[in-house]
2 protein chains.
Amino acid sequence: MTVGRGSEPTDRRGYAVPIDATAGKGAPMVKIVDVAEAAQVSVATVSRALNNSARVDPVLAERVRAAAERLGYRPNAVARNLRRQGTQVWALIITDINNPFYTAVARGVEDFAQESGFSVLLCNTDEDQAKEDRYLEVAAQERVAGVILAPRSDNSDTSILESSGIPLVVVDRHLNRKVDFVTAASFEGAVMATEHLLRQGWQRPACITRPADTATTEQRRMGYEDVVRRHGLPAIVRHVPFHADSGVEAISRLFESDVPPDSLLAVDSMLALGLMTGLQRRNLKIGRDVGLIGFDDATWAPVVEPALSVIAQPAYEMGTEAARLLVKRIRGQGPAEPQTLVMSTTLIVRGSSRRPRGRRGG
Amino acid sequence: MTVGRGSEPTDRRGYAVPIDATAGKGAPMVKIVDVAEAAQVSVATVSRALNNSARVDPVLAERVRAAAERLGYRPNAVARNLRRQGTQVWALIITDINNPFYTAVARGVEDFAQESGFSVLLCNTDEDQAKEDRYLEVAAQERVAGVILAPRSDNSDTSILESSGIPLVVVDRHLNRKVDFVTAASFEGAVMATEHLLRQGWQRPACITRPADTATTEQRRMGYEDVVRRHGLPAIVRHVPFHADSGVEAISRLFESDVPPDSLLAVDSMLALGLMTGLQRRNLKIGRDVGLIGFDDATWAPVVEPALSVIAQPAYEMGTEAARLLVKRIRGQGPAEPQTLVMSTTLIVRGSSRRPRGRRGG
DNA sequence: TTGAAAGCGCTAACAG
DNA sequence: CTGTTAGCGCTTTCAA
């Protein structure tokens, strides 16, 4: 429970107060009537002056501002929100802020929100559908102005938002519903990555990907498969969970087979990290014994040894673009049709995908 | 791209609705009176039943729940907050969620908040005092239930919170005011790091740190200086800003001097990354030509080459502990005196700080 | 241009 | 145990 409300503690008329009152809730908040009283005007005028909306006599306005300042008046956003029937808060629902990709997205969202006068609630779902549902419920109950969501799966249920009239922008992962959507060219990225591997001379690339109901990584898998098929090569695919050591485990299993792959495509940066660790433990030298390319240009990618080749996504910009779309929707300025924004991915070649000469014909 | 199931928009009563209605605010929300009416009880009973607080006739309670379910009733948290004079939201004010240390802290805070029934507003200040002030103002106006703050500087002004009766827990960086505080043993960590460097045989360790008004990093600098002084060595200290390439620049300047350092202590992980980059560009081999140790055990630290030695801070736990303290304060269960929690740091030795034998007496 | 007053949706006295 | 009702603090008609 929250603090016991004070029938005892002070009223603004200045009666003595039990010690606890200050410890508990602090001084009573000054409200709009107090300012009105001090400025010798009505509450309506105070409201208008402080929201510098309607035309208010400059003299009165100044008097109001002075009084507000003097009293340390701080408008109660909760009351305002109730009256206005709307908040200035967004919910950003992602799977894990620890994933550098989402960290960057979050920064993009937060920066844009801030400039537009919104605050953002951070919600981590940990790939847990129940948690995602709970957060959507919270968002609805808090009457947030909008939601930016990276859905757990293709058919996450966002109908709560729809029925609450809360605008939604989906980011990164596709949702089985027509809605504003900002993503990166995952399929094309995976195609670039795989072709790059083959161009380097690697002959048995494998794709380590996430559970099959994760939209984005599935597209990456499909991009990979598209290329290997076209080259008449076998598709070597492993779906691994989001656990921290999935990568290490995948390596163990892959390289115990008779014909292990000679190169790897990792569909996200945390996975790439895991694969590197696994490879190192097996004493396989990356960029010599085995090729590796990942997704997402994490800060550490250039510094590992060998430096990690990646398909980079414009994560920060994806955040700002999602936010921009959301602002439009909130203002009712968006086009009737939901928009889809596919941002391009870039191949960044570094050491990890290189293949030494003279080792052809494995 | 996107799959659509474009059914005609309808309102809850099933009537076709003009396009704008859905675009605008959606169907009108069902409120407590609607549920009361449907369940044939008073609003008070609905409220009681749904908050399963007071004793309500099980039969009525069930009828209420059924009605609420059927109508898709979603309590309006804004109204509730106004009435209850309190929210279920915290503000987490940090300098940059991109810093892996703060990412982990944020996860800790968010997890604990979630379990305790709170949501958290994410606020990045970018080491900008004005931004920090603005966020404190927002927190006050939103009447958040509590704030967790990593202050920009020692004398950040948090009086707004005090005068609003909003509990505050400071995390990581010291604040010039008596208040609940969760931090790590930075000084001791720096001592461990520096002594380790010396024990390895390095003879001229330098400390690359942040601006002098950053409390935590100053303690690290002092820990470093304490050790070098005791060993009769010169203190080589560089204060660098929070920019992305501070590390690279620092290396340039340091290694142009006549007697450059032979080893480096970096006070945070982003800085360590920068230093590694700078060192690589200068063709200095880490763990051979120069020793390096950082702060914070980022996910990538074991994977870089050579693997990065670090002083690890229990970032996630610092987040959960800060949250735990905050919950206590909110519930009024905290001790009268503000608490300080200093969590211990750990030396993790990996390759970067090693010094090859036979190179003594540089 | 200003003020009086009606709520926003909910909870918690208070009475029954 | 249940219902009636008075606000929480603010914005915004509606009149003056």
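Chain letters run A, B, ... following the sequence lines, proteins first, then strands; residues in each count from 1. The figures here come from the full heavy-atom set of this structure, side chains too, leaving out hydrogens, waters and symmetry mates.
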Q.
Does either side chain, that of B/Ser156 or that of B/Glu132, offer a donor lying less than 3.5 Å from an acceptor on the other one?
A. yes
Q | Donor + acceptor pair across side chains of B/Asp172, B/Tyr102 (<3.5 Å) | A |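 Result is yes, a qualifying pair exists.
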Q.
Does A/Val41 reach a base, just sugar-phosphate, or nothing at all? Heavy atoms under 4.0 Å.
A.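 Sugar-phosphate, no base atom in range.
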Q) What does A/Ser47 touch in the nucleic acid at a heavy-atom separation under 4.0 angstrom: a base, only the sugar-phosphate, or nothing? A)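 Base, at least one base heavy atom under 4.0 Å.
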Using atom [atom1] of [X] as one end and atom [atom2] of [N] as the other, report the distance to the nearest whole Å.
X: A/Arg63; N: C/dT1; atom1: CZ; atom2: P; result: 16 Å
X: B/Leu50; N: D/dT2; atom1: CG; atom2: P; result: 14 Å
X: A/Arg48; N: C/dG3; atom1: CZ; atom2: P; result: 8 Å
X: A/Gln88; N: D/dC10; atom1: CD; atom2: P; result: 16 Å
X: B/Arg55; N: C/dA12; atom1: CZ; atom2: C1'; result: 15 Å
X: A/Arg84; N: C/dG9; atom1: CZ; atom2: P; result: 16 Å
X: B/Asp57; N: D/dT2; atom1: CG; atom2: P; result: 5 Å
X: A/Lys31; N: D/dG9; atom1: NZ; atom2: C1'; result: 7 Å

State, with a plain yes or no, whether a side-chain heavy atom of [X] is found less than 4.5 Å away from one of [Y].
X: B/Pro167; Y: B/Leu326; value: yes
X: A/Asp96; Y: B/Arg107; value: yes
X: B/Met29; Y: A/Gln85; value: no

Q: Go through the N and O atoms of the side chain of A/Arg83 and the base of C/dG9, and report whether any donor-acceptor pair is under 3.5 Å.
A: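 Per atom types, no contact qualifies.
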(Q) Is there, by distance only and without an angle test, a donor paired with an acceptor across the side chain of A/Arg74 and the base of D/dG9 below 3.5 Å? (A)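 Result: no qualifying N/O pair found.
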Options [options], nucleotide nearest the side-chain atoms of [X]:
X: A/Ala44; options: D/dT2, C/dG3, C/dG9; result: C/dG3
X: A/Val56; options: C/dT2, D/dT12, C/dA13; result: C/dT2
X: A/Thr45; options: D/dT11, C/dG3, C/dC10; result: C/dG3
X: B/Ser42; options: C/dT2, D/dT4, C/dC10; result: D/dT4
X: A/Ile32; options: C/dG3, D/dT11, C/dT11; result: D/dT11

(Q) Between A/Asn81 and D/dC10, is there a contact of a side-chain N or O with OP1 or OP2 at under 4.0 Å? (A)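 No, outside the criterion.
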Q.
Side-chain N or O of A/Gln85 versus OP1/OP2 of C/dG7: is the shortest distance under 4.0 Å?
A.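 Negative; the distance criterion is not met.
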Q: To the nearest 10°, let me know how far the axis at one end of the helix from C/dT1-D/dA16 to C/dG16-D/dC1 is tilted from the axis at the other, five pairs an end.
A: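 One end's axis against the other's: 40°.
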Q: For the pair B/Arg152 and B/Asp128, find out whether any cationic side-chain nitrogen is under 4.0 Å from an anionic carboxylate oxygen.
A: no
Q: Indicate the atoms forming the closest heavy-atom contact of A/Asn76 with B/Leu82, along with that distance.
A: ND2-CD1, 4.5 Å
Q. Any chance CD of A/Glu69 has more than 12 other-residue heavy atoms, nucleotides or ligands included, within less than 6.0 Å?
A.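 Count not over threshold, so no.
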Q.
Between B/Val43 and B/Ala79, which residue's closest nucleotide on DNA chain D lies nearer the 5′ terminus?
A.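 That would be B/Val43.
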